[in-house]
Amino acid sequence: LLLLLLLLQVLALDELFVTDVADAMILHRLFGRLWDTGLVLVATSNRAPDALYENGLQRQLFLPFISRLKEACVIHNMNSPVDYRRLAHHRRGLYFLTPDRTALLHQAFLEHGDDSLAGAAAADSSHSSSSSGAVGNPGPVNVDVAMGRTLHVPQALGSAAMFDFNDLCNRPLAAADYIALAQRFHTLAVANVPVFNAANRAAAYRFVTLIDVMYEHRVRVLISAEGTPFELFQCIVTQQDARKAGGTTAGHISMGSSSSSSSQRNMTLQQHGFSSSSSGGCN
């Protein structure tokens, strides 16, 4: 891999972040070698260089990388008073909050499923053991996952699938399950997303992972929820804000876990810098 990197002239990295002490230790030597060969690095990050690996283990050994990064790259602050994502308008609703939100979500799911059937006859047999969701009426299908496992989809229609939040995020599922869904469906409807707090923090991990996977695979996500996206995470604070408030708040989401699936979810949430707050009725 190093030999391949040494042949590159430009390397682009999206969402650069560092959470692992081993990664932090090798970055200075690795990128120092690459920069010495004339490599041009183009990267985006949610954190300024000086905030990378903030409060990480043995961070003092990581500081030379930050210095070299600032020396080799021109830093552009992309902060804007306008959140252009919130200005987007869609022909059909994608996020439902009204009292009839579940019915509206189901109708949107049917519309997107019918559209996919009208566009092309889906050959689902190679991806699932049932084709109930590909004959014009929603029905259950089983989607193949890695290592011979299958994931039950309660409602599928063409290239659209619909789940209740608990079936998708309150069960021991992980990124591999969500990737299998993203590879099979172009639209995913999720009903009854709750406000997150310390009591359902495991589900919050999975939800963040789910959204990340769907985003990476360009899957349309339809949601009915108890609140706006900001309200769903009103009981969640960033680790940086928690530290400013005097340390991690009680009830914070732990980053340690012995299971591989939990570790992957922890890594995803740590990337976003979330911890849960117990203040303000959020327990």
Side-chain angles (χ1 to χ4, degrees), residues 85-86 88-145 149-196 200 203-233:
R85 298 169 296 182
R86 301 183 66 183
H89 296 280
H90 300 276
R91 184 168 56 91
R92 297 186 182 93
L94 301 179
Y95 196 100
F96 302 95
L97 291 167
T98 56
D100 58 344
R101 55 185 177 266
T102 301
L104 292 174
L105 176 70
H106 190 260
Q107 182 59 38
F109 156 68
L110 294 177
E111 291 177 3
H112 287 289
D114 286 337
D115 287 347
S116 69
L117 288 176
D124 296 338
S125 59
S126 61
H127 297 282
S128 65
S129 59
S130 170
S131 58
S132 301
V135 294
N137 296 304
V141 299
N142 292 317
V143 175
D144 291 335
V145 187
R149 295 189 300 108
T150 61
L151 175 63
H152 180 71
V153 181
Q155 292 193 70
L157 180 61
S159 296
M162 183 169 179
F163 284 83
D164 184 83
F165 174 84
N166 284 332
D167 292 333
L168 200 55
C169 297
N170 228 359
R171 296 171 52 206
L173 302 180
D177 301 279
Y178 302 144
I179 290 171
L181 286 177
Q183 292 173 339
R184 169 62 179 80
F185 299 102
H186 67 47
T187 298
L188 177 67
V190 184
N192 303 314
V193 178
V195 172
F196 298 115
N200 59 5
Y205 278 125
R206 296 189 187 98
F207 184 69
V208 171
T209 301
L210 172 68
I211 296 303
D212 277 350
V213 169
M214 296 302 125
Y215 176 81
E216 290 295 331
H217 288 80
R218 304 180 65 84
V219 173
R220 180 188 294 109
V221 179
L222 315 175
I223 288 176
S224 69
E226 292 182 354
T228 68
F230 295 96
E231 290 169 344
L232 294 184
F233 290 91

Minimum side-chain heavy-atom gap Leu105-Met162 below 4.5 Å: yes
Side chain to side chain contact (heavy atoms under 4.5 Å, CB included) between Arg220 and Leu222: does it pass, once the steps are laid out? CA-CA 7 Å; Arg220 180 188 294 109; Leu222 315 175; 4.0 Å; yes
Any side-chain heavy atom of Leu168 within less than 4.5 Å of one from Tyr178? yes
Quick check for you: to the nearest 0.5 Å, what is the distance between Ser224 atom OG and Leu94 atom CG? 12.5 Å
Atom pair CD (Gln107) and OG1 (Thr102), whose distance is rounded to the nearest 0.5 Å: 13.5 Å
Do Arg149 and Leu151 have side chains that approach each other closer than 4.5 Å (heavy atoms only, starting at C-beta)? no
Taking the side chain as every heavy atom from C-beta outward, state whether Phe163 and Leu210 have any pair of such atoms under 4.5 Å apart. no
Does any N or O in the side chain of Glu226 come within less than 3.5 Å of the main-chain N or O of Val195, such that one atom is a donor and the other an acceptor? yes
Separation between CG (Leu188) and NE2 (His112), nearest 0.5 Å, reads 11.5 Å
Quick one: closest heavy-atom pair of Asn170 and Ala203, and the distance? OD1-CB, 3.8 Å
Would you mind reporting whether Val141 and Phe185 have side-chain heavy atoms less than 4.5 Å apart? yes
Does some side-chain heavy atom of Val153 sit less than 4.5 Å from a side-chain heavy atom of Leu181? yes
If every non-hydrogen atom of Pro194 is compared with every non-hydrogen atom of Asn200, which pair is closest and at what distance? CG-ND2, 3.8 Å
In short, Tyr95 meets Ala225 closest at the heavy-atom pair OH-CB, 3.4 Å
What is the minimum heavy-atom distance between Val145 and Ala176, and which atoms define it? CG1-O, 3.8 Å
Is it the case that the side chain of Arg206 and the backbone of Arg171 share a donor-acceptor pair, with hydrogens and angles ignored and the cut-off at 3.5 Å? yes
Please determine whether side chain to side chain contact (heavy atoms under 4.5 Å, CB included) holds for the pair Thr187 and Phe109, giving the CA-CA distance in whole Å, both sets of side-chain angles, and the decisive distance to 0.1 Å. CA-CA 8 Å; Thr187 298; Phe109 156 68; 5.9 Å; no
Roughly how far apart are Asp177 CG and Thr209 OG1, rounded to 0.5 Å? 11.0 Å
